[in-house]
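Okay, structure first, notes after.
Computed from a predicted structure; not experimentally measured. Because only heavy atoms are used, hydrogens play no part in the values below, and waters and symmetry mates are left out as well, while side chains stay in. We count ligands from 1, going down the list as the structure has it; atoms in each ligand are counted the same way.
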Amino acid sequence: MLAEIRGLNEECGVFGIWGNSSPAHLSYYGLHALQHRGQEGAGIVVTDGEGLRAVKGEGLVSEVFNEDKLRKVNGKAAIAHVRYATAGGSGMENVQPLLFHSSTGSLAIAHNGNLVNANHLKQYLERQGSIFHSSSDTEVVAHLIKKSKLSPFRAKVKEALNLLKGAYSLLVMTKEEMLVARDPHGLRPLSLGKLGDGWVVASETCAFDLIGAEFVRSVEPGELLIINDKGVTSDRFVDMQGRAMCAMEYVYLARPDSDIDGINVHMARKRMGKQLARECAHIEGDVVTGVPDSSISAAIGFAEESGIAYELGLIKNRYVGRTFIQPTQELRERGVKMKLSPVVQVVKDKRVIMVDDSIVRGTTSRRIVRMLKEAGAAEVHVVISSPPMTDPCFYGIDTSTHEELIAASHNVEEIRQAIEADSLTFLSAEGMIESIARPFEDANRGLCLACFTGKYPTEIFPDTLLPHEKELLG
Ligand code: SF4
């Protein structure tokens with residue numbers, strides 16, 4: 001669905017490249033492929049082996065960069081970032097990669113995910129004299145690295161990583177090397193690829209396809225890759241602590257042409273749609289339609305399995321810009337209509353099965369149901385290709401309170417009434433796990449399901465720092 005009208009947004013996307021003569025330009029293309037993961041800011045930091053230089057700004061990738069800016073920062077390697085502001089708020093100082101200069105050298109950091117203990121770490125560091133420049137939790141990581149007395153640089157980074165709790169796919173770059181880390185549960189995706197003699201890393205494999213890079217493998221949870229002119233070295237900063245890849249990446253967040261841990265996102269969504277059709281075989285309909293864009297794959301799967309024709313019942317207006325401030329209900333209604341339109345000839349007098357990937361607040365679903373009915377649909381049956389979202393996410397998706405989630409306080413029948421649908425069916429958690437079909441033996445086949453079950457793979461409200469953590473911080 002349309003991220004900006006539903007209240008469910010990814011936090012960020014990261015991209016890195018080492019060993020290429022056009023790292024700024026290739027990062028630009030990489031960020032284009034990751035634009036769906038964040039539209040509020042973008043940045044690239046380049047090293048030429050002598051120092052680090054940044055170009056960044058607020059807005060879309062195409063608004064932030066131009067040929068002139070990219071040419072000025074060329075070198076041999078870069079890290080890059082697209083941002084959606086969930087943690088730390090917006091503002092230029094929070095646009096990543098964050099770049100720090102000191103007498104011992106410069107350092108850039110790009111981060112996807114949310115740290116659940118950032119505030120504790122920050123308070124502790126501030127009491128010890130650190131001054132923070134941004135409100136981003138990523139800055140904490142830089143202070144931790146800087147504070148470490150270990151050597152070499154990778155040992156400092158490993159020590160810092162061991163103090164972090166939560167979700168992180170992290171790129172750290174100096175003029176000599178790029179360090180790539182994924183949290184011990186692998187909550188957010190991160191892949192390694194090859195481009196000529198150089199190396200690339202990205203939140204999603206669709207970025208590799210766009211620049212002609214070849215996928216090599218996923219970065220393992222708890223793994224630290226060191227990439228420099230000699231190639232790639234794999235190290236660990238901690239043992240893997242049970243895979244828990246975000247299920248919503250497969251359901252909604254990632255691009256359908258990306259593969260996550262070897263599973264193509266479009267195919268996983270199609271299987272979820274097929275499973276959903278099996279789980280609601282009692283529903284009678286004349287036409288199946290998906291809410292664009294992310295529900296189309298599931299709708300195709302649903303139609304294939306049920307034998308009911310798939311049709312384009314809803315069209316997305318591609319030329320609507322990012323959300324403007326919509327303070328009143330009336331303006332919000334108009335906002336949705338600007339972004340989605342029903343195809344009257346498809347839905348008129350039909351029993352429409354409307355496939356969507358999730359329900360957050362329920363307000364958007366109700367608007368779409370009303371829109372289809374106003375266009376003449378005889379019945380609207382809403383089928384959702386994921387289970388009810390009952391609990392907030394603390395790992396980088398911006399549902400951070402129960403109040404934002406209709407399923408936290410309403411059962412399925414109450415939600416059906418609220419969205420004014422003729423019927424409402426959610427995919428079962430078991431059906432979702434089996435449909436995604438990840439090749440792992442871990443619990444839930446290595447998926448995080450916390451927003452459907454309330455069972456979080458990490459501590460989420462650490463009360464304070466543990467004694468050994470304080471000791472590490474000095
Ligand atoms: S809580 Fe939900 S949205 Fe957050 S990481 Fe887990 S599965 Fe993804």
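Proximity to I397 (heavy-atom distance under 4.0 Å) selects the following atoms of ligand 1: 3 (S). Remark: ligand 1 atoms within the under-4.0 Å shell around heavy atoms of A450 are 1 (S). Residue contact check: A247 has heavy atoms under 4.0 Å from atoms 7 (S) of ligand 1. Close approach of ligand 1 to Y395 is summarised as follows: ligand atoms under 4.0 Å from at least one heavy atom of the residue are 5 (S).
Between the side chain of E204 and the backbone N or O of R255, at least one donor-acceptor pair lies under 3.5 Å.
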Apply the test ring-ring contact (aromatic ring centres under 6.0 Å, His included) to residues H32 and Y28: give CA-CA distance (whole Å), side-chain angles for both, the deciding distance (0.1 Å), then the verdict.
CA-CA 6 Å; H32 253 296; Y28 170 77; 4.9 Å; yes

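Under the 4.5 Å side-chain criterion, counting only non-hydrogen atoms from C-beta, D357 is not in contact with S386. Side-chain atoms of L164 and L144, non-hydrogen and from C-beta on, do get closer than 4.5 Å to each other.
For atom 4 (Fe) of ligand 1, the set of nearby N, O or S atoms under 2.8 Å includes none belonging to C246. Here C448 fails the criterion, with no N, O or S atom under 2.8 Å of atom 8 (Fe) of ligand 1.
Looking only at heavy atoms of the protein, atom 4 (Fe) of ligand 1 is closest to C393 SG, 2.3 Å. Looking at atom 1 (S) of ligand 1, its nearest protein heavy atom turns out to be C451 N, 3.4 Å.
Remark: aromatic rings of H143 and F132 are close, center separation under 6.0 Å.
Between R416 and E413, at least one side-chain nitrogen of the basic residue sits less than 4.0 Å from a carboxylate oxygen of the acidic one, meeting the salt-bridge criterion.
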